[in-house]
Amino acid sequence: MLSKILSKEDCAQCRFCCSFRRCSLWETPVFSSAEKLCLEKKYPEAKFKTCADKSFTIDIDDCYKSSDENEEAPCPFLDSSRGCVLSSEQKPFDCMIWPFRITKVNNELCVVLEKTCPVINKIPFEKVSSVVDEGFINLVKKKVEENSDIIKEWRENFVVIRKLF
Ligand code: SF4
Ligand code: SF4
């Protein structure tokens, strides 16, 4: 979805957003019940836990080896040589739109940019925000209607791109 600004090669070398510091576990991707059931059949070793109202996320709590808040643990769907093993149909919406996020600003739903992707941070803001076109917005609206659990809490490092409605 973001191929206009992010290449597979860039992400293959980086993989920053597929590992999670203990203090950043709020960022782990959200899965619907149907998505979780489907992935559990194919990847029985992947563990999930409930999150938000009716959704699930990866359970990597046992992967940390220390109590250091900055220790990172990888997503169970990250292969060290191939990157994410999920197909584009299997990939959770959070991962499809990263580093964009959906959040409420003054009670209005907005698309925001998470400013931690090292590649996106080097691209002019106008070019990055141009990805959020009508097609992107329509898809996000559909996904929010399907599962409001993809709406994140506001974070200080978010930059507002545009309102959703
Ligand atoms: S942080 Fe950015 S460059 Fe790195 S893997 Fe994620 S999307 Fe790709
Ligand atoms: S599901 Fe794939 S893209 Fe998403 S965090 Fe896990 S490895 Fe990365």
Side-chain angles (χ1 to χ4, degrees), residues 1-52 54-64 69-103 111-133 135-136 139-140 143-144 146-147 149-153 155-159 161:
M1 181 183 279
L2 306 184
S3 56
K4 278 190 251 174
I5 52 172
L6 267 178
S7 73
K8 282 186 179 170
E9 292 72 28
D10 284 332
C11 293
Q13 285 172 19
C14 169
R15 297 185 191 158
F16 167 79
C17 57
C18 297
S19 291
F20 302 91
R21 288 180 295 155
R22 199 192 284 278
C23 59
S24 300
L25 282 173
W26 65 273
E27 260 294 10
T28 54
V30 170
F31 297 83
S32 68
S33 179
E35 289 168 337
K36 169 188 164 279
L37 281 172
C38 188
L39 289 172
E40 277 176 332
K41 282 186 194 147
K42 193 159 183 201
Y43 303 97
E45 70 286 0
K47 287 171 45 183
F48 292 85
K49 61 183 177 183
T50 52
C51 80
K54 53 184 182 294
S55 301
F56 298 84
T57 189
I58 49 174
D59 183 355
I60 55 174
D61 291 351
D62 292 342
C63 300
Y64 296 100
E69 286 290 288
N70 289 311
E71 182 189 349
E72 290 193 355
C75 174
F77 303 112
L78 179 66
D79 179 273
S80 58
S81 55
R82 293 184 294 145
C84 181
V85 297
L86 302 185
S87 66
S88 47
E89 292 76 32
Q90 293 172 314
K91 206 172 272 194
F93 189 67
D94 275 341
C95 301
M96 281 171 58
I97 65 165
W98 165 266
F100 295 110
R101 289 287 172 250
I102 315 305
T103 192
V111 179
V112 296
L113 177 68
E114 234 273 25
K115 289 196 301 180
T116 51
C117 168
V119 172
I120 296 274
N121 285 351
K122 291 185 190 147
I123 300 173
F125 181 75
E126 293 69 29
K127 186 170 179 190
V128 174
S129 55
S130 72
V131 172
V132 184
D133 56 14
F136 185 104
L139 182 60
V140 170
K143 290 290 178 183
V144 167
E146 285 171 8
N147 186 359
D149 289 343
I150 63 170
I151 300 168
K152 310 292 182 197
E153 279 182 27
R155 301 265 158 180
E156 295 227 321
N157 60 343
F158 285 168
V159 176
I161 302 287

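Each ligand, and each atom within it, is numbered from 1 in the order the structure gives.
- The only option from Arg22, Arg21, Lys152, Arg101 that meets the salt bridge (Lys or Arg N to Asp or Glu O under 4.0 Å) definition with Glu27 turns out to be Arg101.
- Taking the centre and axis of the six-membered ring of Phe31, the NZ or CZ atom of Lys36 falls outside the cone set by 45° and 6.0 Å.
- Counting the atoms of ligand 2 from 1 in the order shown, those under 4.0 Å from a heavy atom of Leu78 are 7 (S).
- Residue Val119 has at least one heavy-atom neighbour below 4.0 Å for each of these atoms of ligand 1: 3 (S).
- Nearest heavy-atom pair, Cys95 versus Lys91, reported as atom, atom and distance to 0.1 Å: CB-CG, 3.8 Å.
- Residue nearest to atom 2 (Fe) of ligand 1, selected from Cys14, Ser19, Cys117, Cys18: Cys117 (by heavy-atom distance).
- Among protein heavy atoms, the minimum distance from atom 5 (S) of ligand 1 is reached at Arg15 N, 3.4 Å.
- Counting the atoms of ligand 1 from 1 in the order shown, those under 4.0 Å from a heavy atom of Pro118 are 1 (S).
- Judged by distance alone, the side chain of Thr57 and the main-chain N or O of Pro29 form a donor-acceptor pair under 3.5 Å.
- Shown here for Phe20 and Tyr64, the closest heavy-atom pair between the two residues is O-OH, 2.7 Å.
- Near Phe77, meaning under 4.0 Å from any of its heavy atoms, are these atoms of ligand 2: 7 (S).
- Of the protein's heavy atoms, Cys11 SG, 2.4 Å lies nearest to atom 8 (Fe) of ligand 1.
- Checking Cys95 against atom 4 (Fe) of ligand 2, an N/O/S atom falls under the 2.8 Å cut-off.
- For a distance bound of 2.8 Å, the N, O or S atoms of Cys84 include one lying that close to atom 2 (Fe) of ligand 2.
- The ligand atoms of ligand 2 that sit less than 4.0 angstrom from a heavy atom of Leu86 are 1 (S).
- Remark: the Thr116 side chain and the Asn157 side chain contain no N/O donor-acceptor pair separated by less than 3.5 Å.
- Using a 4.0 Å cut-off between heavy atoms, Ile120 makes no contact with ligand 1 at all.
- Using modelled atom types, no side-chain atom of Arg15 and backbone atom of Cys84 make a donor-acceptor pair closer than 3.5 Å.
- Considering Pro76, Cys75, Cys17 only, the shortest heavy-atom separation from atom 6 (Fe) of ligand 2 involves Cys75.
- Other residues, nucleotides and ligands contribute at most 12 non-hydrogen atoms within 6.0 Å of the NZ atom of Lys115.
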